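Everything quoted here is computed from the prediction, not taken from an experiment.
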Amino acid sequence: MKVTINDVAKLAGVSMKTVSRVINKEPSVRKKTYDIVMNAVKELNYQPNIAARNLAGTSSFAVGLVYDNPNAYYVIDMQNGVLSRCKEEGYELVIHPCSYSDDNMQEDFITMIKRSRLAGLVLTPPLSEQQKIIDMLDEIGIQYVRLLSGRATETENSSNCIFVDDFAAAHEITEHLISLGHKRIGFVLGDKEHKSTSERLAGYRQALQDHDISYCEEHIFEGSYSFESGVLGAQHLLKDSNKNNISAILGGNDEVAAGALFAARLMNIDIPAQLSITGFEDSPFSRQTWPKLTTAHQANNVISEHAARLLFSKARGSRKQDKEIISTFTPSLVIRQSTGVAADKA
């Protein structure tokens, strides 16, 4: 396997940022540190990315927002949050869609950074979860902030991360359904490549366990974060009502939940009298359906604005993080008309 900057950092016992500073020959590096890192480079026969090294030290009054998410509402909210902070700082915003599955993804990143001469990047999931991207950015030496699903304690270095606690939010939504008497709760998952999917599933499972309700694989549909997936997932979970007896469906996000609602209507299932449905994120989808969706409010514009604040703080070389920057966000339950008391409890 190709030796990465992370491998060098581990062998030398320093951070990847320090390795980047050595490779880019920054004058502030102590000779002892320089020698340790270079010995590790030689021992591992590490070959720095020349194109990446040429970018070191480039800067301008522009930052980049990189995303791979088909949800237009999500992208717009993220864009507005970062843009609001950029305006306050006097910076321009470069928006760049990217595919994590593209074999040329790393080259695409380097080309984008070089052409735009960016001062820093805000990375959204699932790109922010790709270690090869993080290794490359550390090698370049550019400042970046990652938006991640999870909690700070799970990550070795969380100083450049903004977290969304999807586990806690999914746990709360599931508990809401349980409080209404639902015990057979289906879950239409989002894309498996997104960490938010596994975090939300874990929160759902924990809520079931907390209330002594058995977890059942037959109640899970592995889908994607799309309306079409919600339709297919609901049809699958509800096609054999005698077997599954599903009384509620948790959608991986609001698009999924809207699709599940559409499928239930086609099957002449009354919402919420016969079936409760919940979403996630509180996007416009949740308010454009009828009945309106119970969901978890996730303020993506605020989350991304704090990510941008953290980026500018790091770019200025501030050792102390701005106390006003929120590092972990927990989506909050919003109860609307799509959930009701389980039919056998009514």
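Annotation: the span from Arg265 atom CZ to Leu275 atom CG amounts to 11.0 Å, rounded to 0.5 Å. To the nearest 0.5 Å, the span separating CG on Leu137 from CG on Asp135 amounts to 9.0 Å. From Arg146, atom CZ reaches atom CD of Gln130 across 9.5 Å, with rounding to the nearest 0.5 Å. To the nearest 0.5 Å, the span separating NE2 on His194 from OG1 on Thr124 amounts to 8.5 Å. Atoms OG1 and CG, from Thr328 and Asp165 in turn, are 7.5 Å apart once rounded to the nearest 0.5 Å. With rounding to the nearest 0.5 Å, the separation of OG in Ser327 from CZ in Arg151 is 13.5 Å.
Ile162 has its side chain out of reach of Leu148: every pair of non-hydrogen atoms, C-beta onward, lies at least 4.5 Å apart. Side-chain contact between Ser214 and Leu208: absent, with no pair of heavy atoms (C-beta onward) separated by less than 4.5 Å. For the pair Asp138 and Val19, the minimum side-chain heavy-atom distance is 4.5 Å or more. Using a 4.5 Å cut-off on side-chain heavy atoms (C-beta onward), Ile113 and Ile142 make contact. Tyr74 has its side chain within reach of Pro125: a pair of non-hydrogen atoms, C-beta onward, lies under 4.5 Å apart. The shortest distance between side-chain heavy atoms of Leu189 and Leu201 falls below 4.5 Å.
Minimum heavy-atom separation, Cys98 to Asp68: O-CB, 2.8 Å. Of all non-hydrogen atoms in Glu218 and Leu237, the two that sit nearest each other are O-CD2, 3.6 Å. Residue Pro97 comes nearest to Ile95 through the heavy atom pair CD-O, 4.0 Å, listed as atom of the first residue, atom of the second, then distance. Nearest heavy atoms, Ala168 versus Thr330: CB-CG2, 3.9 Å. When all heavy atoms of Asn268 and Gln274 are compared, the closest pair comes out as O-OE1, 3.8 Å. Annotation for Glu193 and Pro126: closest pair O-CB, 4.0 Å, computed over non-hydrogen atoms.
Between the side chains of His211 and Glu175, a donor-acceptor pair is found at a separation under 3.5 Å. For the residue pair Asp166/Ser149, the side-chain donor-acceptor check at 3.5 Å is satisfied. For the residue pair Thr295/Arg336, the side-chain donor-acceptor check at 3.5 Å is not satisfied. If you check the side chains of Ser15 and Thr18, you find a donor sitting under 3.5 Å from an acceptor. Counted by atom type alone, Thr294 and Thr339 present one or more donor-acceptor pairs between their side chains at under 3.5 Å. With 3.5 Å as the limit, one finds no donor-acceptor pair spanning the side chains of Tyr46 and Thr4. For the residue pair Ser276 / His182, a side-chain donor-acceptor distance below 3.5 Å is found, with atom types taken as modelled. Side chains of Asn71 and Glu255: a donor-acceptor N/O pair is present below 3.5 angstrom, by distance only. If you check the side chains of Asn301 and Glu305, you find no donor sitting under 3.5 Å from an acceptor.
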Worksheet item: So Leu147 and Met78, side-chain contact (heavy atoms from CB on, under 4.5 Å) or not? Walk me through it.
Response: CA-CA 10 Å; Leu147 295 176; Met78 286 290 168; 3.5 Å; yes
Discussion item. Run Met267 and Leu238 through side-chain contact (heavy atoms from CB on, under 4.5 Å) and show every step you take.
Written reply: CA-CA 9 Å; Met267 301 171 74; Leu238 300 171; 3.8 Å; yes
Discussion item. Walk me through whether Leu121 and Val63 qualify under side-chain contact (heavy atoms from CB on, under 4.5 Å).
Written reply: CA-CA 6 Å; Leu121 288 169; Val63 298; over 6 Å; no
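A continuous path of ILVMFWY side-chain contacts below 4.5 Å connects Val8 to Tyr34, so both sit in one hydrophobic cluster. Cluster membership for Leu261 and Phe280, using ILVMFWY side-chain heavy atoms within less than 4.5 angstrom, is not shared. Grouping the Ile, Leu, Val, Met, Phe, Trp and Tyr side chains by contacts below 4.5 angstrom, directly or via other members, places Ile271 apart from Leu266. Leu83 and Leu311 end up in the same hydrophobic cluster when Ile, Leu, Val, Met, Phe, Trp and Tyr side chains are linked at under 4.5 Å. Val122 and Ile325 fall within a single hydrophobic cluster, where Ile, Leu, Val, Met, Phe, Trp and Tyr are joined by side-chain heavy atoms under 4.5 Å apart, directly or via other members.
For the side-chain contact (heavy atoms from CB on, under 4.5 Å) with Asp7, the lone residue among Val3, Leu11, Ile5 that qualifies is Val3. Applying side-chain contact (heavy atoms from CB on, under 4.5 Å) to Ser229 and the options Asp191, Asn253, Val188 leaves one that passes, Val188.
Classified by interplanar angle (parallel below 30°, tilted 30° to 60°, perpendicular above 60°), the ring pair Phe227/Phe262 is tilted. Aromatic ring pairs are classed by plane angle as parallel below 30°, tilted from 30° to 60° and perpendicular above 60°; the pair Tyr73 and Phe285 is perpendicular.
Asp254 places a side-chain N or O within 3.5 Å of a backbone atom of Ser283 that can act as its donor or acceptor partner. Checking side-chain atoms of Gln206 against main-chain N and O of Ala202 turns up no donor-acceptor pair under 3.5 Å. Of the possible donor and acceptor atoms, one in the side chain of Tyr204 sits under 3.5 Å from a partner among the backbone N and O of Ile185. Checked by atom type and distance alone, the side chain of Ser338 pairs as donor or acceptor with a backbone atom of Ile277 at under 3.5 Å. Here the side chain of Thr33 pairs no donor or acceptor atom with the backbone of Val29 at under 3.5 angstrom.
For residues 127-148, no residue pair satisfies the ring-ring contact (aromatic ring centres under 6.0 Å, His included) rule, not counting sequence neighbours.
Geometrically, Arg205 engages Tyr215 in a cation-pi contact, judged by NZ or CZ lying under 6.0 Å from the ring centre and within 45° of the ring axis.
Between Phe329 and His306, the gap from one ring centroid to the other is short of 6.0 Å. Under the 6.0 Å cut-off for aromatic ring centres, Phe312 and Tyr91 qualify, their centroids lying closer than that.
For Gln79, the CD atom is densely surrounded, since the number of other residues' heavy atoms within 6.0 Å is greater than 12.
Between Arg309 and Glu324, at least one side-chain nitrogen of the basic residue sits less than 4.0 Å from a carboxylate oxygen of the acidic one, meeting the salt-bridge criterion.
The salt bridge (charged side-chain N to carboxylate O under 4.0 Å, His left out) check on Glu281 picks up Arg200, with sequence neighbours excluded.
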